[in-house]
Amino acid sequence: MEAMKLILSIVERGHGAAMLRLYRKRQVPIHIQCAGRGTATSEIMDILGLGSSEKDVVISFAAASAARKLLHDLDNELRGQTGGAGIAVCVPLSGLNSLVASLAAYHAESIREKEGNEMKRTENSLILAMCARGCTDDVMSTAKAHGARGGTVIKARLSGREELEEACEVDLKAEREIVAIVVPTELRGPIMEAINAKHGLRSEAQAALCSLPIEQIVRLG
């Protein structure tokens, strides 16, 4: 079966539904929509023309051929049709439920033979910092001090934390926020090390970190 990809799209609040309709027309039918907020100040948002800090976050699953075609189109004929500013990134998946993968592959079948729009792999990474709610500003300040430009915050909740609490000998807060930060790959290590040193599991922020390689990235709007 064809390799599967995850597409993370972050757009201005209220434009998520339009993105879903656009993606379905491009043979990417499986999505999870979340609410998030940007970390940039309102002054910076105005200067950069990024609109509201309130965001719709769309997580999509697609076959590799459909993902490549979608991001190519977003960077070309679909540019300006997303209804607002934002970003879309594609990262590899090492596993996916077989029924979901089969549906994604089925929808990509019609475009697989027409591929010819290979996009150059980017030198960027996606850092996910999962910290206690209310600590994201401090985490983002540390990231910015080491080269990050901004991020998107998604509300979450930590479950199944008993074993981690026992291993760390600390009471972990259940209410969480995930900070998603796109950075050049050469900055990934220094940023993650700085966040872990200052805001790790034994700190007030209780941050856990991971990173994913970004294969394609498109600026929307």
**OP:** Drop me the distance from R26's CZ to L74's CG, to the nearest 0.5 angstrom.
**Re:** 8.0 Å
**OP:** State, with a plain yes or no, whether a side-chain heavy atom of V100 is found less than 4.5 Å away from one of M4.
**Re:** no
Subject >> Beyond-backbone contact of C135 with H199, side-chain heavy atoms, under 4.5 angstrom >> reply: no
**OP:** Examine distances only and state if a side-chain atom of T185 and a backbone atom of E123 form a donor-acceptor pair shorter than 3.5 Å.
**Re:** yes
**OP:** Please identify each residue that fulfils side chain to side chain donor-acceptor pair (under 3.5 Å) with T136, with sequence neighbours left out.
**Re:** R37, E177
**OP:** Sequence neighbours left out, what passes salt bridge (charged side-chain N to carboxylate O under 4.0 Å, His left out) with D56? Give chain and number order.
**Re:** R13
Original post:
Shared ILVMFWY cluster between M130 and I195, side chains joined below 4.5 angstrom?
Top reply: no
**OP:** Would you kindly confirm whether M192 and V182 end up in one hydrophobic cluster when ILVMFWY residues are joined by side chain heavy atoms under 4.5 Å apart?
**Re:** no
**OP:** Identify the two heavy atoms, one from A63 and one from A105, that lie closest to each other, and give their separation to 0.1 Å.
**Re:** CB-CA, 4.1 Å
Original post:
Would you say the side chain of L103 lies within less than 4.5 Å of the side chain of L99, judging by non-hydrogen atoms?
Top reply: no
**OP:** Specify the closest pair of heavy atoms between P190 and E186, including all atoms of both residues, with the distance to one decimal.
**Re:** CD-O, 3.6 Å
Subject >> Single-linkage hydrophobic cluster I217~L128, side-chain heavy atoms < 4.5 angstrom >> reply: yes
**OP:** Drop me the distance from S9's OG to L70's CG, to the nearest 0.5 angstrom.
**Re:** 7.0 Å
**OP:** Flag the pair R68 / H72 as yes when at least one side-chain heavy-atom distance between them is below 4.5 Å, and no otherwise.
**Re:** no
Original post:
Taking atom CD of Q27 and atom OH of Y106, what is their separation to the nearest 0.5 Å?
Top reply: 9.5 Å
Subject >> Euclidean distance, I30 CD1 relative to R24 CZ, rounded to 0.5 Å >> reply: 10.5 Å
Original post:
Between atom CG of L201 and atom CD of Q206, what is the distance when rounded to the nearest 0.5 Å?
Top reply: 7.0 Å
Original post:
Does the side-chain contact (heavy atoms from CB on, under 4.5 Å) test come out yes or no for V183 and H146, once each step is laid out?
Top reply: CA-CA 10 Å; V183 299; H146 289 79; over 6 Å; no
Original post:
Could you walk me through whether L220 and M19 pass the side-chain contact (heavy atoms from CB on, under 4.5 Å) check?
Top reply: CA-CA 11 Å; L220 305 174; M19 294 294 289; 3.8 Å; yes
Original post:
Would L126 end up clustered with V58 when hydrophobic side chains under 4.5 Å apart are linked, directly or stepwise?
Top reply: no
Subject >> Minimum heavy-atom distance between C90 and K5, given as atom pair plus value >> reply: SG-CB, 3.6 Å
Subject >> pair K173-E204: side-chain heavy atoms closer than 4.5 Å >> reply: yes
Subject >> Heavy-atom closest pair, residues A88 and L71 >> reply: O-CD2, 4.0 Å
Original post:
Do you know which two heavy atoms are closest between G147 and L187, and how far apart they sit?
Top reply: O-CD1, 3.8 Å
Original post:
Any chance CG of N76 has more than 12 other-residue heavy atoms, nucleotides or ligands included, within less than 6.0 Å?
Top reply: yes
Original post:
In chain order, what residues pass the salt bridge (charged side-chain N to carboxylate O under 4.0 Å, His left out) check against E175, with sequence neighbours excluded?
Top reply: R133, R157
Original post:
T152: what forms a side chain to side chain contact (heavy atoms under 4.5 Å, CB included) with it, not counting sequence neighbours?
Top reply: I10, K55, V57
Original post:
So if you build clusters from Ile, Leu, Val, Met, Phe, Trp, Tyr with side-chain heavy-atom gaps below 4.5 Å, do I87 and I32 land together?
Top reply: yes
Original post:
Who pairs with S203 by side chain to side chain donor-acceptor pair (under 3.5 Å), at least two apart in sequence or on another chain?
Top reply: none
Subject >> Residues that L158 engages under side chain to side chain contact (heavy atoms under 4.5 Å, CB included), provided they are two or more places apart >> reply: R161, L172, R176
Subject >> Results of side chain to side chain contact (heavy atoms under 4.5 Å, CB included) for A129 - residues two or more places apart only >> reply: V139, V179, L209
Original post:
Taking all non-hydrogen atoms of both residues, which atom of S65 and which atom of A108 are closest, and how far apart?
Top reply: OG-CB, 3.6 Å
Original post:
In Å, rounded to the nearest 0.5 Å, how long is the span from CD1 of I178 to SG of C131?
Top reply: 9.5 Å
**OP:** Could you pull out all residues at least two apart from V91 that satisfy side chain to side chain contact (heavy atoms under 4.5 Å, CB included)?
**Re:** L6, L212, I214
**OP:** Take M140 and I181 through the test side-chain contact (heavy atoms from CB on, under 4.5 Å) and record every step on the way to the result.
**Re:** CA-CA 9 Å; M140 199 63 230; I181 312 169; 4.0 Å; yes
**OP:** Keeping to residues at least two apart or across chains, list the side chain to side chain donor-acceptor pair (under 3.5 Å) pairs with something in residues 90-99.
**Re:** none
